[in-house]
Amino acid sequence: MNPFTKRAIIIGVVSILALIFFLTLNPFSWNDAGNRTVVERTTGEQIVQFAPGIFYAGFFAKEKEWPNQISVTYQDQNAQLDIADNGIEVGQIMVRFSDATTANVKGITQFILPSDEKEMILIHNTHRTPQSLVVKRLAPYTKECLQSSAQLMSSEKHYGGGRAQMAQEFMDQLKEGVYLLKTEENIVYDSLEREPKRVYQTQIQYDKKTAAPKRKQSSIKEYGITVADAAITDVDYEDQVDEKLKKIIDAVTKSSISKQELMTAQQQTLTAKAKGEQALVEIEYQQKQEQTRQVVEAETKVKVAEQEKLQQRVAYDASILEAKKIKELADAQAYARARIMRADGALEMKLKAQVEVQKVWADAFSKYTGAIVPQFQTGGGTTTNGALNFMDIMTAKTAKDFALDMKNTNVSGQ
């Protein structure tokens, strides 16, 4: 065999053995993010690596990874103690309410492991594994806080609005410690069963000096474990509670329907009353409008009549004045005519009458068609004109009838 080849083989074997030995006795280790690693060295020293990444552990050291947070879930019917996604399923937790009824509770509680090295080493030395920590400490503590919170109310109260209160009291006890409770016996009347029943009411004990709730020492505080969050996702009551709640719901529903019907009837009555009052108001308003219209109309007629009366009075007074005026004018004219007649002997009137008379007989004479001069005459007297003689006779007669005096009378002398 070639010495060179033999040497190469020896070097290769030695290298492989050295690598295996190094890997076996590797003093370096790796810590994943979200975890911490507890290291036990051959000297008996224990350290905790919180930071992620590579770190020096030492030759022949023992290592145990712990999650920074551990979730205790109680969702499934049965427990599954294998850790998955930093959580362990412990199964649903049964609680008992103050009225002795039971229910299965589902939820999740998240615990934060301490950042202090001594506290973490204490947890590691006490429980050795996360499963042991959950089973022996975290799950029992969670169950104890849940049961204590359920004892503070009845299942009916929980269903009727006490869910938030129970969740709040559950969270408070997880963080600060379980309440110390006291139970009192009371007799109450069951409206559904229609008979008195003995019930036990559980209350929190308070310190007389500080008025703070009395608590049992927390089983997680001594290890520096804190609560990140807690949620009750569901409460499944036993059948007896479901039947009772069904009766309560039916009774409440019927009561609500009855109240609603009563409210509807009352509302309808109020509505009818309001409509009736509205109708009366409208009628009264219309009547008042009609009364107002009649009053205004009557007042208008009175005012119109008064106005007409005033106008008639004015017209009457005007007619009186006009009559007086006419009378005065007539009296003045009569007086004037009388003076004139006394002054000239009614010459003007007589002349007018004379003219009219002359017109009448002249017109009649002009229309006469007979013989004015006699056709046969006797004697030897002077011949006269018959027409002229007739005119003379009529003129003399008229003057005589009117006693015509052609002389003027001196008015001023009378």
- Just checking, is any N or O donor in the side chain of E169 or Q165 under 3.5 Å from an acceptor N or O on the other one? yes

- Query: Can you tell me if Q289 uses its side chain to pair, donor with acceptor, with the backbone of Q291 under 3.5 Å?
  - Reply: no

- Is a donor on one side and an acceptor on the other found under 3.5 Å between the side chain of D207 and the backbone of K209? yes

- Message: Going by the rule side-chain contact (heavy atoms from CB on, under 4.5 Å), which residues pair with I121 if we only count those two or more places apart in sequence or in a different chain?
- Response: Q46, V48, E117, N125

- Message: Just verifying a value: how many Å separate F55 CZ and N31 CG, rounded to the nearest 0.5 Å?
- Response: 6.0 Å

- Do Y74 and T109 have a side chain donor and acceptor closer than 3.5 Å? yes

- Query: Between P114 and G224, what is the shortest heavy-atom contact and its length?
  - Reply: CB-O, 3.5 Å

Please tabulate, for side-chain N and O atoms in residues 304-321, each donor-acceptor pair with protein atoms closer than 3.5 Å (sequence neighbours left out).
| from | atom 1 | to | atom 2 | distance (Å) |
| --- | --- | --- | --- | --- |
| S319 | OG | A315 | O | 3.3 |
| S319 | OG | Y316 | O | 2.5 |

- Electrostatic pair R293-E297, nearest N-O below 4.0 angstrom: yes

- Item | Crowding at OH, Y159 (>12 non-hydrogen neighbours, <6.0 Å) | no

- Task: Give the minimum heavy-atom separation between W30 and I54, together with the two atoms involved.
- Result: CE3-N, 3.4 Å

- CD1/I123 to CD1/I225 distance, rounded to the nearest 0.5 angstrom? 4.0 Å

- Task: Determine whether R215 and Y179 make a side-chain contact, defined as any pair of heavy atoms from C-beta on separated by less than 4.5 Å.
- Result: yes

- Under 3.5 Å: donor-acceptor pair, side chain of S148, backbone of E144: no

- Message: Just to verify, what does V135 make a side-chain contact (heavy atoms from CB on, under 4.5 Å) with, not counting sequence neighbours?
- Response: L81

- Message: Distance check, rounded to the nearest 0.5 Å: L113 atom CG versus T226 atom OG1?
- Response: 8.5 Å

- Query: Looking at A103 and F97, what are the two nearest heavy atoms and their distance?
  - Reply: CB-CE1, 3.8 Å

- T142 vs F111, side chain to side chain contact (heavy atoms under 4.5 Å, CB included): CA-CA, chis, key distance, verdict: CA-CA 10 Å; T142 301; F111 295 94; 3.4 Å; yes

- Contact list for residues 44-64, test salt bridge (Lys or Arg N to Asp or Glu O under 4.0 Å), sequence neighbours left out: R41-E45

- Item | side-chain contact (heavy atoms from CB on, under 4.5 Å) against S219, all qualifying residues, sequence neighbours excluded | R137, Y141

- Query: Given side chains that start at C-beta, do those of N35 and N86 come closer than 4.5 Å, heavy atoms only?
  - Reply: yes

- Task: Of all the heavy-atom pairs spanning I88 and P130, show the shortest one and how long it is.
- Result: CD1-O, 3.9 Å

- Message: Working to the nearest 0.5 angstrom, can you tell me the gap between S98 OG and E156 CD?
- Response: 10.0 Å

- Return the set of residues passing side-chain contact (heavy atoms from CB on, under 4.5 Å) with T292 (not counting sequence neighbours), or none when no residue passes. V296

- Side chains of S149 and Q173: donor-acceptor distance under 3.5 Å anywhere? yes

- Taking only residues two or more places apart in sequence, or in another chain, which ones meet Y56 in a ring-ring contact (aromatic ring centres under 6.0 Å, His included)? F28

- Query: How would you list, by chain and number, every residue that makes a side chain to side chain donor-acceptor pair (under 3.5 Å) with Q77, sequence neighbours excluded?
  - Reply: none

- For Q131, look at atom CD and say whether over 12 heavy atoms of other residues, nucleotides or ligands are found less than 6.0 Å away. yes

- Task: Calculate, to the nearest 0.5 Å, the distance between atoms CD and CE belonging to Q147 and M94 respectively.
- Result: 7.5 Å

- So which heavy atom on N104 is nearest to which on Q92, and how close? CB-OE1, 3.4 Å

- Query: Is the number of heavy atoms from other residues, nucleotides or ligands within 6.0 Å of CG (D85) greater than 12?
  - Reply: no

- Note on the structure: Hits for side chain to side chain donor-acceptor pair (under 3.5 Å) against N68, two or more places apart or cross-chain, chain-then-number order -> R36

- Task: Take D229 and M171 through the test side chain to side chain contact (heavy atoms under 4.5 Å, CB included) and record every step on the way to the result.
- Result: CA-CA 8 Å; D229 192 17; M171 187 67 165; 4.3 Å; yes

- Message: Test of understanding: with side chain to side chain donor-acceptor pair (under 3.5 Å), list the residues that count as partners of Q294, not counting sequence neighbours.
- Response: E290

- Message: Tell me whether Q205 contacts the main-chain N or O of L181 through its side chain, where contact means a donor paired with an acceptor under 3.5 Å.
- Response: yes

What pairs of donor and acceptor atoms, side-chain ones from residues 230-238 against any protein atom, are under 3.5 angstrom apart with sequence neighbours left out?
| from | atom 1 | to | atom 2 | distance (Å) |
| --- | --- | --- | --- | --- |
| T233 | OG1 | K106 | O | 3.1 |
| Y237 | OH | H158 | ND1 | 2.5 |
| E238 | OE2 | T102 | N | 2.6 |
| E238 | OE2 | T102 | OG1 | 3.4 |

- Message: Set out, in order, the CA-CA distance, both residues' side-chain angles and the distance that settles side chain to side chain contact (heavy atoms under 4.5 Å, CB included) for L146 and M166, then state yes or no.
- Response: CA-CA 8 Å; L146 267 177; M166 180 177 174; 4.3 Å; yes

- Item | Results of side chain to side chain donor-acceptor pair (under 3.5 Å) for K136 - residues two or more places apart only | none

- Query: Nearest 0.5 Å, what's the CG-CD1 distance between D172 and I204?
  - Reply: 8.0 Å

- Task: Please name the pair of heavy atoms, one in A61 and one in V39, separated by the smallest distance, quoted to 0.1 Å.
- Result: CB-CG1, 3.9 Å

